[in-house]
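Naming convention: chains lettered A, B, ... in sequence-line order (proteins, then strands); numbering from 1 in each chain. The basis for the numbers below is simple: all heavy atoms, side chains too, and nothing from hydrogens, waters or symmetry mates.
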Protein chains: 2
Amino acid sequence: MQSTAFSPHDHSHCISSAINHAQSLCAQRGVRLTPVRQRVLELVWRSHQPIGAYELLAALAKEGFNSAPPTVYRALEFLSEQGLLHKLDSINAYVGCCNPETPHQGHFLLCQVCNKAQELESQYINLALKVSADQHGFEIQRHTIEIIGTCKECIDKPSLSELTP
Amino acid sequence: MQSTAFSPHDHSHCISSAINHAQSLCAQRGVRLTPVRQRVLELVWRSHQPIGAYELLAALAKEGFNSAPPTVYRALEFLSEQGLLHKLDSINAYVGCCNPETPHQGHFLLCQVCNKAQELESQYINLALKVSADQHGFEIQRHTIEIIGTCKECIDKPSLSELTP
DNA sequence: TGACAGTTGTTATAATATAACATAACATCC
DNA sequence: GGATGTTATGTTATATTATAACAACTGTCA
Ligand SMILES: [Zn+2]
Ligand SMILES: [Zn+2]
Ligand SMILES: [Zn+2]
Ligand SMILES: [Zn+2]
């Protein structure tokens, strides 16, 4: 079992790694990771729990950033375009992407107990989707794949795992 | 290639079949398919294009039904609980289910050109999801699987297929 | 009849997201 | 450096989607 969002880990490493990746990627691509964009990304990465736009907005407001909805939605749009985060449509919330170098559509496990999301990298799922689409002559552009349930940690220790980041 | 939402077909058959199924299922289950619930289901089945709650509400209002949001959301909740329709989270819209006898989570192909949705019944997809979840010790409760792209009809005849129901 | 569960009506509001236009910051070229 | 075009941000208002809370009605059954 590899390390996941669900299991205890050094989350500060997740954060610094995500920000470092974001900075170098944006530099490579000639796009600007402005203060508000970087701060939104940091806020998204505060935990593995997807966070809502208005929750981000409240956090930004506390820190003296501009706090009208377009501010955060623009930052989210930028970060999403750069593959630095994903939106989870089933809960209208946003989560950081661990692998932004190669643009992709994510597949997610979403735990209803601890509210954390784990992105999957399953070629099986992609293949299964492709086979189904091909059977209908359907050309895939993007997808929303969200598996909602209970993570191993929350199955094993029902009341503790909500606390780890 | 089987008949799908995307290809031309006798859609009145889809509608009457859906309503008949709904009536007998509700009778079996001892739940009430009241006039507003049945009308919402008929409106959802007017086409294979998923329809939004407020669009339904406007249609109900024209017909003299009560036209406050709770009316339509309650009907949608009931119909969803009975497995008679599905919500597509990626577009906040609702589409009829062809196979309401056995409760299930749908997988959907969603064409961005003609806006029609086709539900899939792919055991491959379910298996791929289960394998990924099992690898993480994750227990699946429900899922959102929506594949967005272009259907065969819209690839073949880019400007006509928007018109069929 | 009265009690009860389920359903619908009604008003208000929450939660999520975008339109539209003004201003500011940055880059580039002369 | 100043003119100019582009990108980013500020600001106000509004659109879209969904739910809370409570009152009134309807059917069922003792
Ligand atoms: Zn972490
Ligand atoms: Zn969990
Ligand atoms: Zn049809
Ligand atoms: Zn199409």
Under 4.0 Å from OP1 or OP2 of dG9(C): is there any side-chain N or O of Asn66(B) that close?
yes

Testing Gln118(A), His11(A), Glu119(A) for side chain to side chain donor-acceptor pair (under 3.5 Å) with His48(A), which one passes?
His11(A)

Of all the nucleotides listed (dA18(D), dA8(D), dG10(D)), which has the minimum atom distance to the side chain of Thr34(A)?
dA8(D)

From dA18(D), dT18(C), dT19(D), nucleotide with atom closest to Pro70(A) side chain:
dT18(C)

Using whole Å, what does the distance between atom P of nucleotide dT17(D) and atom CD1 of Ile91(B) come to?
10 Å

Does the plane of the ring in His107(B) sit parallel, tilted or perpendicular to the ring in His143(B)? Use 30° and 60° as the thresholds.
tilted

When the distance from NZ of Lys87(A) to P of dT16(C) is rounded to whole Å, what number comes out?
10 Å

Does Tyr73(A) stack onto the base of dT18(C), taking stacking as ring centres under 5.5 Å apart and planes under 30° apart?
no

Within this structure, what is the CZ-to-P distance between Arg32(A) and dA25(C), rounded to whole angstrom?
11 Å

If the cut-off is 4.0 Å, is Arg74(A) near the phosphate of dT7(D), judged by side-chain N/O to OP1 or OP2?
no

Gap between atoms CD and C1', on Glu55(B) and dT16(D) respectively (whole Å):
13 Å

Within this structure, what is the OH-to-C1' distance between Tyr54(A) and dA14(C), rounded to whole angstrom?
11 Å

Can you see whether Asp89(A) engages Ser90(B) through a side-chain donor-acceptor pair at a distance of less than 3.5 angstrom?
no

Here the pair of heavy atoms bringing Pro50(A) nearest to Leu88(A) is CG-CD1, 3.5 Å

Nearest-Å distance for atom pair CD/P, residues Gln82(B) and dG6(C):
13 Å

Length of the line joining Arg37(A):CZ and dG10(D):P, which is rounded to integer Å:
11 Å

Counting just side-chain N and O atoms, does Asn92(A) come under 4.0 Å of either OP1 or OP2 of dA15(C)?
no

Of Ala68(A) and Pro35(B), the one whose closest nucleotide on DNA chain C sits nearer the 5' end is Pro35(B)

Could you give the CG-to-P distance, from Leu33(A) to dT7(D), as a whole number of Å?
18 Å

Using a heavy-atom cut-off of under 4.0 Å over every strand shown, decide if Phe65(A) touches base, sugar-phosphate, or nothing.
nothing

Could you check whether Thr150(A) and Gln141(B), counting side-chain N and O atoms only, form a donor-acceptor pair closer than 3.5 Å?
yes

Among dT8(C), dT18(C), dT9(D), the one nearest Val36(B) by side-chain distance
dT8(C)

